[in-house]
Amino acid sequence: MPVAALPTMTGYSDRINHAFAFAAKHHDQQVRKGTRLPYLTHPANVAIILTRYGCNEETIVAGILHDVIEDCVREGMTREVLEERIGRKFGNSVLATVLAVTHRKVDDDGIEMSSDERKEDYLQRLSLATEDALWVCAADKVHNANSILSDLRRTAFPETVWGRFSVGHDGTVRWYTRVAERLRELKFDAPIVAELEAAATELASA
């Protein structure tokens with residue numbers, strides 16, 4: 001009797017692996033807020049979520065790189081340098097997606113924004129975002145919200161988890177709820193939005 005062929009495991013493409021290497025280099029020595037987890041675990045999980053929903057390679061690459069511009073500016077590595085590198089290595093469409101989900105620190109007039117203003121600016125700019133960027137936005141928030149839930153389930157002292165966030169329990173719940181609402185307002189009704197809503201609801205009662 002002939003032996004059935006095993007399914008071929010192709011894994012991620014060279015381009016996606018290149019994005020992981022790029023993100024690892026730039027997020028080097030960064031950790032997740034309030035933990036010792038390497039920061040790269042976050043973009044890696046965003047990529048897994050996007051893959052689970054069947055997103056294309058372009059979206060997954062952007063998901064892996066989505067925090068590089070926002071979090072990796074340092075001496076000798078300006079925002080402009082990071083933008084140029086991402087555009088050159090991964091293309092302008094990936095760069096546009098990353099920029100669409102990057103919180104800005106200053107407005108169009110160069111005036112520094114408060115934390116609340118940055119969040120509102122982020123939500124408003126989603127109206128100009130492509131569908132790829134909305135997927136990345138949703139996957140980012142799904143992983144963040146579920147990470148908080150996982151940490152809450154592992155501790156007898158939930159205040160230590162909520163204490164990581166300057167806005168505390170209520171502000172954190174409000175943020176994830178507002179992102180989900182904004183995605184609905186923009187007619188982005190992919191199933192991932194329901195996953196985000198469920199996570200926000202669970203956070204509210206945690």
Side-chain angles (χ1 to χ4, degrees), residues 12-13 15-33 35 37-51 55-145 147 164-166 175-176 178-179 182-183 186 188:
Y12 281 135
S13 68
R15 190 159 178 255
I16 289 175
N17 286 329
H18 183 196
F20 275 126
F22 186 92
K25 175 182 177 180
H26 288 84
H27 288 297
D28 182 39
Q29 299 184 25
Q30 293 180 354
V31 295
R32 293 281 282 160
K33 183 181 291 186
T35 78
L37 288 173
Y39 195 85
L40 191 64
T41 58
H42 174 55
N45 275 282
V46 169
I48 290 170
I49 292 167
L50 294 170
T51 302
C55 291
N56 59 39
E57 180 182 82
E58 197 90 342
T59 308
I60 295 168
V61 168
I64 295 166
L65 303 174
H66 77 276
D67 273 337
V68 169
I69 293 173
E70 185 171 323
D71 291 344
C72 300
V73 171
R74 54 182 180 269
E75 186 177 353
M77 194 66 64
T78 65
R79 179 183 173 113
E80 291 73 24
V81 168
L82 292 169
E83 289 182 19
E84 189 278 330
R85 287 188 175 185
I86 291 174
R88 173 165 46 83
K89 291 177 180 290
F90 302 100
N92 289 331
S93 61
V94 166
L95 174 60
T97 298
V98 171
L99 289 173
V101 296
T102 296
H103 285 258
R104 301 194 303 170
K105 294 184 178 180
V106 298
D107 63 17
D108 292 332
D109 297 320
I111 299 173
E112 187 170 348
M113 293 183 282
S114 67
S115 177
D116 286 344
E117 288 171 336
R118 288 197 296 271
K119 288 179 178 178
E120 188 58 32
D121 175 71
Y122 176 94
L123 294 173
Q124 291 304 315
R125 287 188 297 109
L126 287 179
S127 64
L128 304 175
T130 63
E131 184 173 329
D132 284 357
L134 299 181
W135 273 105
V136 173
C137 166
D140 171 34
K141 302 306 180 286
V142 162
H143 181 247
N144 280 338
S147 293
R164 300 172 190 168
F165 308 100
S166 61
W175 171 239
Y176 291 116
R178 185 67 187 95
V179 173
R182 182 61 172 154
L183 292 171
L186 296 172
F188 183 71

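Just so you know, residue 1 is the first one in the sequence shown, and it goes up from there. Values reported hereafter were calculated over all heavy atoms of this structure, with side chains retained and with hydrogens, waters and symmetry mates removed.
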Undergrad: Partners of Phe20 by ring-ring contact (aromatic ring centres under 6.0 Å, His included), sequence neighbours excluded?
TA: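 Expected list: Tyr12.
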Undergrad: Would you say Arg178's side chain and Glu120's backbone share a donor-acceptor pair under 3.5 angstrom?
TA: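 Not a single qualifying donor-acceptor pair exists.
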Undergrad: Can you name the closest pair of heavy atoms from Asp107 and Met113 and give their distance?
TA: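 Residues Asp107 and Met113, closest heavy atoms: N-CE, 3.9 Å.
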Undergrad: Name all residues meeting the salt bridge (Lys or Arg N to Asp or Glu O under 4.0 Å) criterion together with Asp140; count only those two or more places apart in sequence or in a different chain, and write none if there are none.
TA: none
Undergrad: Going by the rule ring-ring contact (aromatic ring centres under 6.0 Å, His included), which residues pair with Tyr39 if we only count those two or more places apart in sequence or in a different chain?
TA: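 Here the qualifying residues are His27, His42.
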Undergrad: Got a second to check how far His18's NE2 is from Arg15's CZ, nearest 0.5 Å?
TA: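 So the gap between those two atoms works out to 10.0 Å.
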Undergrad: Working to the nearest 0.5 Å, report the span between CD of Glu112 and CD of Glu117.
TA: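 Glu112 CD to Glu117 CD: 9.5 Å, rounded to 0.5 Å.
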Undergrad: Output the distance between atom NZ (Lys119) and atom NE2 (His103), rounded to the nearest 0.5 Å.
TA: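 One finds 7.5 Å between NZ of Lys119 and NE2 of His103.
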Undergrad: Does any non-hydrogen side-chain atom of Tyr122 lie less than 4.5 Å from one of Val101?
TA: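 A side-chain contact under 4.5 Å exists here.
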Undergrad: Hey, what do you get for OG (Ser147) to CG (Leu37), rounding to the nearest 0.5 Å?
TA: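 One finds 8.5 Å between OG of Ser147 and CG of Leu37.
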Undergrad: What residues, two or more places apart in sequence or in another chain, satisfy side-chain contact (heavy atoms from CB on, under 4.5 Å) together with Lys33?
TA: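 If we apply the side-chain contact (heavy atoms from CB on, under 4.5 Å) test to Lys33, skipping adjacent residues, the hits are Arg164, Phe165.
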Undergrad: Looking at every non-hydrogen atom in both residues, tell me the closest pair between Ile69 and Ile86 and how far apart they are.
TA: CG1-CD1, 3.8 Å
Undergrad: Say you draw a straight line from OH of Tyr176 to CG of Asn144; how long is it, rounded to the nearest 0.5 Å?
TA: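 If we round to the nearest 0.5 Å, Tyr176:OH and Asn144:CG are 4.0 Å apart.
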Undergrad: Looking only at heavy atoms, what is the nearest atom pair of His143 and Thr41, with distance?
TA: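 Taking His143 first and Thr41 second, the nearest heavy atoms are CE1-O, 4.2 Å.
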Undergrad: Mind checking whether Phe22 and Phe90 have parallel, tilted or perpendicular rings, split at 30° and 60°?
TA: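 Rings of Phe22 and Phe90: perpendicular, over 60°.
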Undergrad: Who passes side-chain hydrogen bond (donor to acceptor under 3.5 Å, both in side chains) against Arg104, sequence neighbours left out?
TA: Asp108, Asp121
Undergrad: Is it the case that the side chains of Asn56 and Thr59 hold a donor-acceptor pair, with the cut-off being a distance below 3.5 Å and no angle test?
TA: yes
Undergrad: About how many Å separate CG of Leu40 and CG of Asp67, when rounded to the nearest 0.5 Å?
TA: 11.0 Å
Undergrad: Does Glu58 reach the main-chain N or O of Thr97 with its side chain, forming a donor-acceptor pair under 3.5 Å?
TA: no
Undergrad: What are the two closest heavy atoms between Ala129 and Ala100, and how far apart are they?
TA: CB-CB, 4.1 Å
Undergrad: Taking all non-hydrogen atoms of both residues, which atom of Cys72 and which atom of His26 are closest, and how far apart?
TA: SG-O, 3.2 Å
Undergrad: Using the side-chain contact (heavy atoms from CB on, under 4.5 Å) criterion, which residues pair with Leu186? Sequence neighbours excluded.
TA: Leu126, Ser127, Leu134, Arg182
